[in-house]
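Following: one structure in C-alpha cells, then a few remarks.
Note that these values count all heavy atoms, side chains included, but never hydrogens, waters or copies made by symmetry.
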Amino acid sequence: MSLRGAERRSNLRVTGIFMELKQYLEQLYDYNYWANKRYLAVAETLSEEQLFRQQGHSWDSVHAVLVHMMSSERMWPQRWRGEKGTFLGPKDFPDAASIREYWVHIEKNMRGFIAEQTEQSLLREITYTNPKGETFTLPLWQMAVQPPNHNTHHRGELAAMFALMNIPHPEEEIVQYFLVKSGQRKE
C-alpha cells in the first residue's frame, strides 16, 4: 500500500469534510480528560472510607480504579517511545487530590506526544512488550485510541461504584461531551 493510499484511508469522513487522524485523536483526548476530571471531582467528595471501600469491581475501590487508569495512560507513551512501561504504586497516592495533581503531568505528556505526531507518524508501526512479556506490533494510531477507550470502560465501573454508594455522578458518554461543547447542553 502506498503512503498516499494509507494517508487517504487515515482520514475520517465527517459531515462532508475530512478529519485527519491527529485531529480525531486530539478530540478523543479532549473528551477523555473532560470525562476523567468530572469523575475525579466526584471522587474528591468521597470520604476516605468510600474512596477505599472494596466493591468487587476489577480494581476493587474507586481509588484503585483511578490509579490504574492513570498508570495505564502513563504507560502507553512510554511504550511508544521505546521505553519499558512501568506501573504506578497506589500507595503513592493517598487521596483523590494527589491523583488529580499527578494526572495533570500525565495529561500534559500525552497531549505533548499527540501534538508531536503527523499523519505519517501515526501510521508507523510500533512494537512493544506488555507486562506479561508478550510482544505486539500495531500502527501508532491504533494504540493511541487505547487509553481513552480503556478509561471509558473504567469510568463505567466508577459509575457503578458511585451508584452503589448512592453518590450522584455525571453522564460522561462522548455524546454528552459533544453536546456540552456545541452549547446544546450545560455542564
Check whether Gln117 reaches the backbone of Phe113 with its side chain - one donor and one acceptor, N or O, closer than 3.5 Å.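 Yes.
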Residue list, side-chain hydrogen bond (donor to acceptor under 3.5 Å, both in side chains) with Thr152, at least two apart or on another chain: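 With neighbours one apart ignored, the set is Arg155.
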What's the separation between atom CH2 in Trp103 and atom CE in Met69, rounded to the nearest 0.5 Å?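 CE of Met69 is found 4.0 Å from CH2 of Trp103.
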Within this structure, what is the CD-NZ distance for the pair Glu116 and Lys22, rounded to the nearest 0.5 Å?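 Taking CD in Glu116 and NZ in Lys22, the distance rounds to 9.0 Å.
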How are the rings of His150 and His154 set relative to one another: parallel (under 30°), tilted (30 to 60°) or perpendicular (over 60°)?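 Perpendicular: the ring planes of His150 and His154 meet at over 60°.
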In a check of side chain to side chain contact (heavy atoms under 4.5 Å, CB included) between Val62 and each of Gln50, Glu157, Met165, Arg53, which one passes?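 Among the candidates, only Met165 passes.
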Phe162 and side chain to side chain contact (heavy atoms under 4.5 Å, CB included): which partner among Leu164, Leu158, Asn166?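 One option only clears the test, and that one is Leu158.
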Hydrophobic cluster membership, Leu25 vs Leu138, 4.5 Å side-chain cutoff: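 Yes, Leu25 connects to Leu138 through the hydrophobic network.
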Hydrophobic cluster membership, Phe87 vs Leu66, 4.5 Å side-chain cutoff: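 Looking at the clustering, Leu66 is in a separate group from Phe87.
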Taking side chain to side chain contact (heavy atoms under 4.5 Å, CB included) as the test, write out the residues that go with His105, two or more places apart.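 Not a single residue meets the side chain to side chain contact (heavy atoms under 4.5 Å, CB included) criterion with His105.
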Say whether Gln176 and Trp34, considering side chains only, have a donor N or O and an acceptor N or O under 3.5 Å apart.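 Not at all, the side chains of Gln176 and Trp34 share no donor-acceptor pair under 3.5 Å.
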Any side-chain donor-acceptor pair under 3.5 Å between Tyr29 and Glu73?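 Glu73 and Tyr29 do not have a side-chain donor-acceptor pair below 3.5 Å.
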What is the minimum heavy-atom distance between Pro77 and Asn109, and which atoms define it?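 Minimum heavy-atom contact is CB-ND2, 3.8 Å.
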Taking atom CH2 of Trp141 as the centre, does the number of heavy atoms from other residues, nucleotides or ligands within less than 6.0 Å exceed 12?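 Open: at most 12 neighbouring heavy atoms sit under 6.0 Å from CH2 of Trp141.
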